[in-house]
Amino acid sequence: MEKDLASKGTDRHEVGRDKFIDLVWEWREKYGGLIVNQLKRLGCSCDWSRERFTMDDGLSKAVKEVFVRLYEEGLIYRGDYIINWCPRCHTALADLEVEHRETDSYFYYIRYPFQHGGGHLVIATTRPETLLGDTAVAVNPEDERYKELSDAYVLLPVLKKPIPVIFDRYVDTGFGTGVLKITPAHDPNDFEIGNVHKLERIKVIDEDGRMNELAGPYKGMDRFECREKILEDLESDGLLEKTESYQHAVGHCYRCKTMIEPLLSKQWFVKVGPLAEEASRAVREGKTTIYPSNWEGVYFEWMNNIRDWCVSRQIWWGHRIPAWYCQECGEVHVAKEKPLACSTCQSNDLVQETDVLDTWFSSALWPFSTLGWPDKTDELKTFYPTSVLITGFDILFFWVARMMMMGIHFMGDIPFRHVYIHALVRDSEGKKMSKSKGNVIDPLEVMDKFGTDAFRFTLAALAAQGRDVKLSEERISGYRHFVNKIWNAARLVLMNLDHDENAAKEDRIYTLPDRWILSRLGQVSEDISQAIEDYRFNEAAGLCYQFVWHEFCDWYLEMAKQGLYGKDKAMKESSRAIVQEVLMASLKLLHPFMPYVTEEIWQKLPGAEGSIMIAGFPEASEFIRDEDAIREMDLLMGLITGIRNIRGEMNIPPSRKISIAIDVMDGKESGVLRNNMAHIQNLANVKDVSIDSGIPKPEASATAVFGQNQVHVLLKGLLDFAEERKRLRKEITKLEKDIGISNKKLSNKGFLEKAPAEIVVEVKEKVNALSLKLEKLNQNLRFFEAIRD
RNA sequence: GGGCGGAUAGCUCAGUGGGAGAGCAUCGGCCUUACAAGCCGAGGGUCGCAGGUUCAAAUCCUGUUCCGCCUACCA
């Protein structure tokens with residue numbers, strides 16, 4: 001707002017307080033909805049009727065209530081303190097609002113001559129202009145160099161004023177010269193030391209960052225201008241011993257980046273110690289859990305080192321502090337409403353404090369002020385404490401910590417059970433987005449370009465705990481393909497549905513692929529639910545992706561075509577019903593990540609009642625669980641993949657149908673393959689199949705091993721024997737390596753004795769299976785070596 | 001100064017004690033009747049470096065280098 005005024009060549013002082021506040025409200029009407037619109041566009045299903053703004057009436061009431069109560073409890077006080085002052089914004093800032101930046105500067109070594117007896121002390125400082133406000137110099141009482149200085153005085157350079165040498169353990173003997181100048185009115189540490197030693201506080205810099213009348217000859221100069229001048233004067237007096245370049249962190253205003261001036265000032269403070277202790281304990285005792293847990297450490301660290309919170313701001317926009325000053329006797333009255341008269345002198349001349357409260361003060365009350373507190377409302381009873389707060393780490397201190405303090409203090413209970421610290425979205429370079437850097441990604445633009453579903457899914461898929469998100473368009477575009485895949489799969493299903501009659505549950509004929517996909521659906525539903533409950537959104541999204549694309553689309557739908565396109569009416573109806581069931585469940589699993597496309601498809605499906613938003617999330621118990629089906633499908637898929645490998649590696653075009661001979665040992669497995677012959681022919685593009693136990697290997701054939709069986713692909717006239725030998729050797733080498741690793745374990749006595757039994761069994765079984773496969777591959781290789789071409 | 005996180009395939013990243021994974025990119029083959037924004041197949045990694053614990057380490061511990069972030073009153 002202030003920037004806007006500046007661009008029109010004016011400022012808030014010219015506009016005036018009332019008009020300024022009106023303007024800010026207008027501004028807020030216009031732009032305040034921006035984030036809400038983004039959320040709506042993202043499809044966030046919030047209860048929008050509960051939208052609140054901290055300046056709303058109800059919330060103002062809560063702010064006054066809290067302020068007065070804390071004041072009465074002695075947890076709010078008004079006092080002199082060194083605050084962080086922004087000379088441009090003309091306001092105090094909380095410690096949190098100060099940004100420290102490494103700055104190239106200089107260390108000036110300045111001589112402070114002794115008042116009596118000649119000689120001088122050398123003091124190193126980065127801020128020579130503040131020496132005008134020095135009221136002492138300090139040394140460490142342990143420092144041998146300065147032991148003799150008790151009761152000594154030095155003359156302040158330029159002003160030639162005597163100031164005492166004091167002893168304080170705070171001084172670091174190893175830093176600089178071991179002598180510290182004390183400026184209680186312009187440095188927080190000096191302020192503390194000044195209190196201990198009862199030193200005078202001389203303020204030499206004013207609220208504009210200019211030197212005031214106490215700065216003598218420098219009066220009216222800007223602080224930086226004064227620095228230059230004073231250095232010149234020191235130089236000419238022979239008091240500047242040397243200058244070293246030096247780098248240190250300097251505080252800047254988070255809003256306007258102006259260098260902060262630590263200034264002595266009367267401000268309102270919250271005594272946070274007792275509040276922080278409670279808030280800290282709530283997390284320590286597990287009443288509130290922070291995810292991921294490493295943020296708990298950060299939270300404790302901050303809580304343990306907290307200083308009082310300066311809450312007054314010398315700006316016009318915000319909750320005006322409910323304090324009134326008696327113009328007659330100076331008495332301070334803190335109350336929710338203006339008192340009729342001063343309780344001390346009965347004067348009616350009371351003027352309200354012009355300072356407003358830090359915006360985070362009202363934000364800290366959010367979890368209960370938005371629910372009607374201080375009134376005892378039903379909403380409070382129902383919703384407090386809330387289940388989860390989701391937010392970014394950058395406001396863990398600003399907001400989360402303070403909500404914890406206020407919530408526990410005023411409600412007697414934590415404000416939320418879980419705090420989920422989400423990943424921060426950065427640009428593709430990994431830089432934090434900021435308006436000044438111009439690398440801000442506008443979510444609305446992204447959604448225009450790629451669609452909301454792709455955007456949402458991308459965010460979820462990238463949101464691994466404890467890690468920030470580098471958002472790039474390629475990635476979003478990749479997931480847009482997934483949305484498209486879902487749409488196309490749905491098209492296939494919709495095209496084949498009979499909108500009038502689908503098989504009732506009892507009439508269904510469950511094929512192997514049916515039993516398999518339903519079993520997998522059950523497992524995956526359970527895994528996805530668990531992942532979401534644990535805030536592992538990337539895993540949940542990954543599970544959806546893998547299941548829908550690589551199991552449902554790649555295998556199941558392809559196999560389901562047998563039934564859907566077949567002539568058998570009963571089969572067809574059953575197939576339609578099951579395909580639809582699986583699609584509907586998949587849509588429900590996807591819905592949290594892709595609200596729009598899932599709803600769109602859902603509405604087109606016969607039998608879907610109402611919105612998918614209110615459909616129940618799939619549960620494992622809804623689906624049949626058939627472990628045999630999973631094993632049998634593995635066998636079938638292994639066979640098909642084996643044939644495809646050979647086709648691919650031998651460059652056999654799909655137009656060429658091939659013949660195969662399957663050598664299957666187990667009778668049951670043989671039955672499974674025979675029952676699913678159509679799938680094998682279709683998905684591996686096979687014409688003739690012979691299947692038997694111990695079937696001889698045809699001469700011109702390539703072989704793949706699957707499970708404990710093998711399949712020979714007849715390649716008469718197509719087989720390059722040298723190529724096949726190469727292929728087999730490659731696979732044999734890989735197998736031998738794997739077997740070698742496992743055998744090494746099994747020949748290790750320590751492993752057999754100490755490893756858990758089930759692991760040992762697992763390794764043994766693995767060696768057996770691999771050895772069997774290796775033997776078959778070797779047979780095949782020998783076969784080709786014998787018939788060298 | 002203190003703390004946290006990262007370093008794994010060309011790129012972006014999952015994976016916290018028992019067979020190195022995904023997406024994208026690359027290469028080869030396919031317009032196969034839902035989908036070329038697709039299908040089928042392939043190649044590719046000393047898991048930053050050095051030690052240690054363990055039968056077993058990408059995973060646990062110690063040290064170290066580089067990168068990022070948070071925090072801090074050594075003037």
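Letters A, B, ... are given to chains in the order of the sequence lines, protein chains preceding strands, and every chain is numbered from 1.
Contact annotation: A:Lys561 reaches the phosphate of B:rA34 (side-chain N/O to OP1 or OP2, under 4.0 Å). One finds a side-chain N or O of A:Lys730 lying less than 4.0 angstrom from the OP1 or OP2 phosphate oxygen of B:rG43.
The residue A:Glu99 sits apart from the nucleic acid: no heavy atom pair falls under 4.0 Å. Across all strands, A:Phe457 comes closer than 4.0 Å to no nucleic acid atom at all (heavy-atom distances). Within 4.0 Å of A:Pro262, counting heavy atoms only, lies no atom of the nucleic acid at all. Across all strands, A:Ala464 comes closer than 4.0 Å only to sugar-phosphate atoms, never to a base (heavy-atom distances). At a threshold of 4.0 angstrom between heavy atoms, the contacts of A:Val171 include nucleobase atoms, whether or not backbone atoms are also involved. Counting non-hydrogen atoms under 4.0 angstrom, A:Lys485 reaches a base of the nucleic acid. Contact annotation for A:Asn496: no contact, since no heavy-atom pair falls under 4.0 Å across all strands.
The distance between atom CZ of A:Arg536 and atom C1' of B:rA14, rounded to the nearest whole Å, is 12 Å. Rounded to an integer number of Å, the gap from A:Ile476 CD1 to B:rU12 C1' is 13 Å. One atom, CG of A:Leu557, and another, P of B:rC40, lie 12 Å apart when rounded to the nearest Å. Across the protein-nucleic acid pair, A:Asn743 atom CG and B:rG18 atom P stand 20 Å apart, rounded to whole Å. In this entry the distance linking CD of A:Glu261 with C1' of B:rC73 reads 15 Å, nearest Å. One can place CG of A:Asp95 at 12 Å from C1' of B:rU71, the figure rounded to the nearest angstrom.
Judged as a side chain to side chain donor-acceptor pair (under 3.5 Å), and not counting sequence neighbours, the contacts of A:Glu97 are A:Arg313. With sequence neighbours excluded, the residues forming a side chain to side chain contact (heavy atoms under 4.5 Å, CB included) with A:Ser472 are A:Ser428, A:Glu474, A:Arg475, listed by chain and number.
The aromatic rings of A:Trp360 and A:Trp399 lie tilted to each other, with the angle between the two planes from 30° to 60°.
Neither side chain, A:Arg491 nor A:Asn496, offers a donor N or O lying under 3.5 Å from an acceptor on the other. Of the N and O atoms on the side chains of A:Tyr112 and A:Asp134, at least one donor lies less than 3.5 Å from an acceptor on the other residue.
Each of B:rC55, B:rC73, B:rG41 was ranked by its minimum atom distance to the side chain of A:Asn189; first place goes to B:rC73. Comparing atom distances between the A:Asn484 side chain and each of B:rA75, B:rC69, B:rC35 picks out B:rC35 as nearest. Considering only side-chain atoms of A:Lys754, the nucleotide from B:rC74, B:rC55, B:rU71 that sits closest is B:rC55.
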Contacts under 3.5 Å, N or O only, protein and nucleotides 4-6 of chain B:
{"unit_1": "B:rG6", "atom_1": "O3'", "unit_2": "A:Arg467", "atom_2": "NH1", "d": "3.3"}

Within the sub-3.5 Å range, which N or O atoms of nucleotides 28-30 of chain B have a protein N or O partner, and how far apart are they?
{"unit_1": "B:rG28", "atom_1": "O2'", "unit_2": "A:Asn651", "atom_2": "OD1", "d": "3.4"}

Between N or O atoms, less than 3.5 Å apart, protein on one side and nucleotides 22-27 of chain B on the other: list the pairs.
none

_Dot-bracket, 5' to 3', for RNA chain B please: Watson-Crick or G-U pairs under 3.5 Å, [ ] where pairs cross earlier ones, | where the partner sits on another strand, dots elsewhere._
((((((((.[[[[.)..(..]]]].(((((.......))))).....[[[[[..)....]]]]])))))))....

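Separation of the P atoms belonging to B:rU8 and B:rA14 is 11 Å when rounded to the nearest angstrom. When the C1' atom is used for both B:rC11 and B:rA25, the distance is 7 Å, rounded to whole Å.
Here A:Phe175 packs flat against the base of B:rC74; its ring centre is closer than 5.5 angstrom to the base's six-membered ring, tilted by less than 30 degrees.
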